[in-house]
Amino acid sequence: MSSTPVRVRFAPSPTGYLHVGGARTALYNFLYAKKTGGEFILRVEDTDLERSTEESMRMQINDLKWLGLKWDEGPHPETHADMGPYGPYRQSHRKEIYLQHAQKLVESGRAYYDFRTDAELDAIKERLIKTGKPPQIEAPETLVPLTEARARLAKGETAAIRFQVNRKGEPEKREYVLNDLVRGEVKFPSDMVGDFVCIRSNGMPVYNFCCAIDDALMKITHVFRAEEHLSNTLRQMMLFEAFGYASPKFGHLSFILGPDKQKLSKRHGATSCNDFRLKGYMPEALCNFILLSGWSSPDGREILSREEQIELFTYERFNSAPAVFDDTKLLWMNSMYLRALPHEELWSRLQPFLKEAGLTIPQGDDVQWRDHALSAFKTSMQTLADAPKLFEALDDSKFSLKPEATEVKAWPDTLKVWAAWKSELEKHAAKYITEPEFAAIQDRVKDQTGVKGKQLFQPIRVAVIGTPQGTELKVLVPLLAKSSLINRVDRCLKA
RNA sequence: GUCCCCAUCGUCUAGCGGCCUAGGACACUACCCUUUCACGGUAGAUACACCGGUUCAAAUCCGGUUGGGGACGCCA
């Protein structure tokens, strides 16, 4: 076996945020590169001037960075300048390369200038459909000779360059065999495609053409990409053959679907990495989740660190069937990651969400206080975005008697409990109340009032957080200053 | 319409001819823990799309049917 170094690529087209399907493709390629000690290349496929934007490229780069998928070659993550020996890495900057290749094809007679107008082409297709044939464009009966074509071009006419699949005198039908890394042997009849455009009449090259040339020139060895490209592969194989380039190995991944088994799209809710980031999902969890949507670990373990993912990764464990995106399981996975995070890290990741909700938690600077608070709350959080409604209990300015407390408020002993609770608080000397101190205070309130059980417990809870449902008091009370506890019970007594 | 891909619990999946009375995970149900909720623990219910072959033996191999998806662009 030759030991050609593995080179894989992720080649998004910059038309919006990175979709989770794209993120999965990127992850798989990244993992394969790391596993084999190869290179991971980012290539920007922006030949569609209409849809591609600079802004989208920036967004996708940021999404990839957020996911922690570092590329070895491609646009620099910060400056976007080309980074690596096989650049440029943006197809819009490689136009000359494509044009030269197209010329080679034209000169060898493998491709031809096509002067036909859209209207003419449409008419041809319509006629084909009517006669029950696939609407594939073939070369005209007599090709415009090259010298004449060039003269017409020089006079300002425009023409596309088409790859000629069937040349006169060649067998009409051939079979191309693709040994797909995930699907096995796939056979394509050559008449599956008509003569396809390589260069548009406006001079811009087309996806299939760029893709094949770039994969060859960038010495890509393996291509893991979505299943939608499976039939494109035939055209690319024809191009490799025409140029005498070696073909990379391909592996076509199945789709990620929505709950209705349709391709996952905006109408299913969150689909881009950015959506998930905003909803409080963590990149580690999202990566781990999408990893498992189309791939499985040999021993069935599901929570895997990046190191373990690299260690275990092999394309032999891809699942060729499509997968429905299960956001309930993603939620579970996110909560697992969230709980496992060191408190310091968790605290810092929570900040944007607390800030956005307008919460200021000054006590957070105290490491011990923060530790307490996070231990108390993190088992109730599934996403980072769950934090505000939990931490709200700690912000005096947000305290109020919630509608859910109405029943408790009406109990006959409630007022008595609140009064005793308040006087016990006032007797307490220190600024904060520890957990055992709270238990003692609670006992004294019980003794003084003769109230016990739910009748005792719920009113105190309401006096602390304004509702009978929430985090355990024994962890919550020590997080609140005595002054704010008094302030709260006062407001209850007034209500 | 033509060509291509796919088919195991509700969902993600294990399984690559006998270890399968089909295993794990999420979700679900019950119980335990808990002076609420959550966390945690234990137990349970639920699947090989269908029909034919091949074989001593089929979830696994082959053919067909059905169902889903994709490609057939001067989109990527």
Side-chain angles (χ1 to χ4, degrees), chain A residues 11-15 45-48 50-52 91 114 116-118 121 125 129 132-137 158-162 178 180 182-184 186-189 191-194 196-208 210-211 225-235 252 254-257 259-263 289-290 292-303 316-317 319-333 335-336 339 375-382 390 442 452-458 461 467-474:
Chain A
S13 53
T15 56
E45 308 220 321
D46 54 354
T47 52
D48 184 352
E50 300 283 303
R51 299 196 306 152
S52 303
Q91 289 184 332
D114 188 351
R116 288 173 290 187
T117 63
D118 284 351
L121 261 11
K125 282 187 204 169
I129 290 169
K133 287 181 186 147
Q136 291 167 349
I137 299 298
T158 58
I161 296 178
R162 262 183 210 278
L178 169 67
D180 194 274
V182 352
R183 271 151 228 284
V186 181
K187 292 174 182 164
F188 301 112
D191 63 359
M192 202 173 114
V193 293
F196 55 91
V197 170
C198 298
I199 307 289
R200 298 176 173 95
S201 50
N202 70 3
M204 276 308 282
V206 146
Y207 164 76
N208 274 299
C210 302
C211 182
R225 49 153 49 156
E227 187 194 326
E228 57 187 312
H229 294 294
L230 186 54
S231 36
N232 283 328
T233 311
L234 173 58
R235 293 189 184 82
H252 287 93
S254 50
F255 285 111
I256 297 182
L257 309 175
D260 56 358
K261 310 250 178 183
Q262 301 295 301
K263 225 175 137 181
F289 176 76
I290 57 181
L292 259 25
S293 177
W295 184 88
S296 61
S297 71
D299 58 5
R301 270 186 307 153
E302 299 202 324
I303 305 275
E316 265 138 29
R317 297 197 61 83
N319 187 163
S320 50
V324 172
F325 193 88
D326 181 3
D327 34 43
T328 312
K329 187 157 183 176
L330 170 60
L331 208 52
W332 166 79
M333 188 156 293
S335 63
M336 296 303 281
R339 269 175 245 158
S375 306
F377 290 149
K378 69 176 181 182
T379 54
S380 315
M381 285 192 259
Q382 292 188 290
L390 262 9
Q442 200 169 236
K452 57 182 181 177
K454 211 176 160 187
Q455 309 295 316
L456 168 75
F457 182 68
Q458 296 288 50
R461 172 179 294 284
T467 147
Q469 298 261 304
T471 313
E472 270 186 296
L473 282 187
K474 64 179 184 191

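Chain letters run A, B, ... following the sequence lines, proteins first and then strands; every chain starts at 1. Computed from heavy atoms alone, side chains included, the values below leave out hydrogens, waters and symmetry copies.
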Please determine, by modelled atom types, if A:R317 and A:S296 share a side-chain donor-acceptor pair under 3.5 angstrom.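 A:R317 vs A:S296: donor-acceptor pair found between side chains.
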side-chain N/O A:R225 vs B:A76 OP1/OP2, d < 4.0 Å: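 No, because none of the side-chain N or O atoms of A:R225 sits under 4.0 Å from OP1 or OP2 of B:A76.
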Gap in Å between the two P atoms, one belonging to B:G52 and one to B:G15, rounded: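 My reading of the P atoms in B:G52 and B:G15 gives 28 Å.
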State whether the distance check finds a donor on one side and an acceptor on the other, under 3.5 Å, for side chain A:N232 versus base B:A76.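 Such a pair exists between side chain and base.
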Whether the side chain of A:Q262 and the base of B:G68 hold a donor-acceptor pair under 3.5 Å is what I'd like checked.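 There is none.
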Can you tell me which nucleotide in [options] comes closest to the side chain of [X]?
X      : options             : value
A:Q442 : B:A76, B:U35, B:A25 : B:U35
A:V197 : B:A76, B:C39, B:C74 : B:C74
A:R317 : B:A76, B:A14, B:U36 : B:A14
A:D326 : B:C72, B:A14, B:C26 : B:C26
A:S296 : B:A76, B:U13, B:C74 : B:U13
A:K261 : B:C12, B:U11, B:A76 : B:U11

Would you classify A:S201 as touching base, sugar-phosphate or nothing, given that sugar-phosphate means primed atoms plus P, OP1 and OP2, and contacts are heavy atoms under 4.0 Å?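 Base, at least one base heavy atom under 4.0 Å.
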Can you tell me the distance, in whole Å, between the [atom1] atom of [X] and the [atom2] atom of [N]?
X      : N     : atom1 : atom2 : answer
A:F255 : B:C12 : CZ    : P     : 16 Å
A:M333 : B:U11 : CE    : P     : 18 Å
A:K454 : B:U35 : NZ    : C1'   : 10 Å
A:Q382 : B:C37 : CD    : P     : 17 Å

Which atoms of nucleotides 1-7 of chain B (N or O only) lie under 3.5 Å from a protein N or O atom, and what are those distances?
{"from": "B:C5", "atom 1": "O2'", "to": "A:R183", "atom 2": "NH1", "distance (Å)": "2.3"}

Can you work out whether A:A160 or A:G300 has the more 5'-proximal nearest nucleotide on RNA chain B?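 Going by which nucleotide is closer to the 5' end, it is A:G300.
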Quick check on RNA chain B: between A:R51 and A:Q136, whose nearest nucleotide comes earlier from the 5' end?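 Closest to the 5' end, via its nearest nucleotide, is A:Q136.
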